[in-house]
2 protein chains.
Amino acid sequence: METPVVVNLTLRKNQVGAGCSRMSRRDITSFPARCSECNLRRACLPGGMEEREIDCFNRLVHTRHRVERDESLYRAGDTFKSLYVVRSGFFKTYAIFEDGREQVTGFQMVGEIIGMDGIETDTHQLYSVALEDSEVCVISFASFEEVASHILTLQHQFHKMMSRELTHARGMMMLLGGMRAEERIAAFLLNLSHRLVIRGYAATEFNLRMTREEIGSYLGVKLETVSRTLSKFQQQGLISVQQKYLKIHDIEGLNRVANSAALPGGVEAVA
Amino acid sequence: METPVVVNLTLRKNQVGAGCSRMSRRDITSFPARCSECNLRRACLPGGMEEREIDCFNRLVHTRHRVERDESLYRAGDTFKSLYVVRSGFFKTYAIFEDGREQVTGFQMVGEIIGMDGIETDTHQLYSVALEDSEVCVISFASFEEVASHILTLQHQFHKMMSRELTHARGMMMLLGGMRAEERIAAFLLNLSHRLVIRGYAATEFNLRMTREEIGSYLGVKLETVSRTLSKFQQQGLISVQQKYLKIHDIEGLNRVANSAALPGGVEAVA
DNA sequence: CGACCTTTTGAACGTATTCAACCGATGTGG
DNA sequence: CCACATCGGTTGAATACGTTCAAAAGGTCG
């Protein structure tokens, strides 16, 4: 990476207007709240850093960014410049097969990082789209690497986050390679619930932000199978669903369904 | 990572004898050939580094290590201390479900890195086993991070390698989530072939180092399906197989089978 | 309100799994 | 060195799971 370390406020400036659903310039709100005051700081990149270091890191976060529902954060083929941390809202990433089929590769909620798919080739491999009105913090990757080389904690934290991505991907490989439809869907619900709990939300009651088709695409089953399975879980009294609204009645029961082929490391590692 | 940067020559010393197939001390050959003279250097971690930097990096590689067929390089639960680069031979990594089932998560050949599954938690998540007599270079990760903070090229190269791991894992997610058995197996063969070519081996003729069961586990199908599919490919004149020996007759034909659901980025990204 | 999209549910179908038998290669011990 | 046990691989037949096709209901948004 030869890029000089300069502040890049005009993020993706050449791409505005390239597509109908791209981010437009007015969305850029210059200067976010400070990282040291952000309540996501523990889970975010500065995790484990000292006050002084966080201030230093803070300089990397040039912009906060609004992304409306159905807007792209980036697209496959876009030049990779930045990582994004979800500050509010909900995203999906997906890839497109040559034959046009779309496969969801992940859902990201508050505090999670988006954009690592661009690091290898300096070009994004995936599409990232907001599933609801959202906000992200934008971190210039070149600057980030520069700073990380001065702050070992940060470097290590980043390696851990990439490693966590890998763990997650591996969990998905195991889910897709070794679990049946019911198990996958149970694991998926438990994972969602788990991630919500961590963020202080209710564990057993939430709105699905994605469609059945997106869930199915992510889990490697058809949307009809998702629908049928959710109905079945409802009949069994494990959950209740009406459209996007989902309530888990028997988290232990779901665990039993998922755990008939459970992964070591539990729910975090899956889906 | 609070670990002080010290040379750790007595790699995994407390674990010798813990299991029957562990590496034993006599396997440690102190000091390998120099990285700058290694013909893997381009593809390996020092990729893109200058002569001077490579020398610096070279100091990280404390030991070369023999691992015999069926021996573990590490096991899930082991403390993570080092990354390993395959210098010769062939490995598989796998995870074990709670119910005892084993799932292969990857095959590694010459020049590929093993061990990143330990970074997140400082504990290995996977098992790594040699499928034939092999040799690895051992890189202390703490020292590595230290050095990487001084050599931006190295840091960036490492980020790229982790990112490549992610790309690969994502490719597998797509393969497992979106392809049918025939497609998976075709993609797998093409991927093997591709990786061999890169390393200067014949593209169309090689010995499978793994069993049908391991292939199946990796691809999310049963061993019988692997066997049947290989037989079918043979009948179609695409390949010929006898036991482990495999010859590809029609690489384009295989491509067509795999490409009925091809991934963007081609064969590299898959399997 | 009407058009469209998402979801649900049913029935027929197809692919991969399961169960089982058999073959061949490999390796060990008498 | 051969006999035998074991492991890996192949192949067939029955089964099960998830898909596909189809129709209709429920929501959402202009």
Side-chain angles (χ1 to χ4, degrees), chain A residues 68-70 92 99 101-104 129 131-133 175-189 207-236 239-247 257 260-261, chain B residues 68-70 92 99 101-104 129 131-133 175-189 207-236 239-247 257 260-261:
Chain A
E68 277 168 40
R69 186 167 193 272
D70 293 331
K92 72 169 174 181
D99 61 16
R101 273 184 308 138
E102 184 178 313
Q103 174 143 351
V104 174
V129 169
L131 294 183
E132 63 181 34
D133 292 352
L175 178 142
L176 293 166
M179 287 166 117
R180 291 177 308 134
E182 279 185 26
E183 300 168 340
R184 297 183 197 192
I185 287 157
F188 173 71
L189 295 179
N207 280 296
L208 298 169
R209 298 289 156 55
M210 68 295 279
T211 66
R212 304 286 189 266
E213 184 164 22
E214 286 163 334
I215 296 174
S217 168
Y218 182 55
L219 298 179
V221 297
K222 293 293 157 195
L223 69 96
E224 294 93 330
T225 305
V226 175
S227 181
R228 268 187 254 275
T229 307
L230 290 178
S231 300
K232 187 176 174 188
F233 285 170
Q234 182 161 38
Q235 281 179 350
Q236 296 173 334
I239 62 171
S240 51
V241 258
Q242 31 190 336
Q243 300 294 124
K244 306 280 193 196
Y245 174 77
L246 192 140
K247 187 164 190 170
V257 174
S260 56
Chain B
E68 278 168 39
R69 185 168 193 273
D70 293 332
K92 71 168 175 182
D99 61 15
R101 272 183 308 136
E102 186 179 311
Q103 173 143 350
V104 174
V129 169
L131 294 183
E132 63 182 32
D133 292 352
L175 178 142
L176 293 166
M179 286 166 116
R180 291 178 308 134
E182 278 186 28
E183 300 168 340
R184 296 183 197 193
I185 287 157
F188 174 71
L189 295 179
N207 280 297
L208 298 169
R209 300 287 154 59
M210 67 296 278
T211 65
R212 305 286 189 267
E213 184 164 21
E214 287 164 334
I215 296 174
S217 168
Y218 182 56
L219 299 179
V221 298
K222 294 294 156 195
L223 68 97
E224 294 94 331
T225 305
V226 175
S227 182
R228 266 187 256 276
T229 307
L230 290 178
S231 299
K232 187 175 174 189
F233 285 171
Q234 182 162 37
Q235 281 180 350
Q236 297 174 333
I239 62 172
S240 52
V241 259
Q242 29 189 337
Q243 300 295 121
K244 306 278 194 198
Y245 174 77
L246 192 139
K247 187 163 189 169
V257 174
S260 57

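Naming: A, B, ... by sequence-line order, numbering from 1 per chain.
Atom CG of B/Leu175 and atom CZ of B/Arg184 lie 6.0 Å apart (nearest 0.5 Å). Here CG of B/Leu176 is found 7.5 Å from CG of B/Leu219. Values are rounded to the nearest 0.5 Å. For the atom pair A/Thr211 OG1 and A/Leu131 CG, the distance stands at 8.5 Å (nearest 0.5 Å). Rounded to the nearest 0.5 Å, atoms OG1 (A/Thr229) and CD1 (A/Ile239) are 9.5 Å apart. Here the CG atom belonging to A/Leu246 is positioned 10.5 Å from the CZ atom belonging to A/Phe233, to the nearest 0.5 angstrom.
A/Tyr245 and A/Asn207 make their closest contact through CA-OD1, 3.4 Å (heavy atoms, listed as atom of the first residue, atom of the second, distance). The two residues A/Glu183 and A/Gly178 have their closest heavy-atom pair at OE1-O, 4.3 Å.
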So which protein N/O to nucleotides 18-20 of chain D N/O distances come out below 3.5 Å?
{"residue": "D/dG18", "atom": "OP1", "partner": "A/Ala181", "partner atom": "N", "Å": "2.6"}
{"residue": "D/dT19", "atom": "OP1", "partner": "A/Lys222", "partner atom": "N", "Å": "3.3"}
{"residue": "D/dT19", "atom": "OP2", "partner": "A/Lys222", "partner atom": "N", "Å": "3.2"}
{"residue": "D/dT19", "atom": "OP2", "partner": "A/Thr225", "partner atom": "OG1", "Å": "2.2"}
{"residue": "D/dT20", "atom": "O4", "partner": "A/Arg228", "partner atom": "NH2", "Å": "2.7"}

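Sorted by first and then second residue, the salt bridge (Lys or Arg N to Asp or Glu O under 4.0 Å) pairs involving residues 214-236 of chain B (not counting sequence neighbours) are B/Lys92-B/Glu214, B/Glu182-B/Lys232.
Taking every nucleotide of DNA chain C with any atom under 4.0 Å from a non-hydrogen atom of chain A, the first and last of them, 5' to 3', are C/dT7 to C/dA11.
Between A/Glu213 and the options A/Val226, A/Leu223, A/Val104, a side-chain contact (heavy atoms from CB on, under 4.5 Å) holds for only A/Leu223.
Here A/Glu132 pairs with A/Arg209 under the side-chain hydrogen bond (donor to acceptor under 3.5 Å, both in side chains) rule; sequence neighbours left out. Residues passing the side-chain hydrogen bond (donor to acceptor under 3.5 Å, both in side chains) test with A/Gln234, sequence neighbours excluded: none. With sequence neighbours excluded, the residues forming a side-chain hydrogen bond (donor to acceptor under 3.5 Å, both in side chains) with A/Ser240 are A/His249, listed by chain and number.
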Nucleotide by nucleotide, nucleotides 24-30 of chain D touches protein heavy atoms under 4.0 Å in the pattern (B base, S sugar-phosphate only, - none) -------
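Taking atom CD1 on B/Ile239 and atom P on D/dG9, their separation rounds to 14 Å, with Å as the unit. We find that CG of B/Leu230 is positioned 7 Å from P of D/dT10, with the value rounded to whole Å.
Bending across the helix from C/dC1-D/dG30 to C/dG30-D/dC1, expressed as the angle between its end axes from five pairs apiece, amounts to 40° (10° rounding).
Side chains of B/Leu230 and B/Leu189 form a contact here, defined as non-hydrogen atoms less than 4.5 Å apart.
Side-chain nitrogen and oxygen atoms of B/Lys232 include none within less than 4.0 Å of the OP1 or OP2 phosphate oxygen of D/dT11. Taking only side-chain nitrogens and oxygens, B/Arg212 comes nearer than 4.0 Å to OP1 or OP2 of D/dG9.
If you check every strand for non-hydrogen atoms under 4.0 Å, B/Ser227 touches a base.
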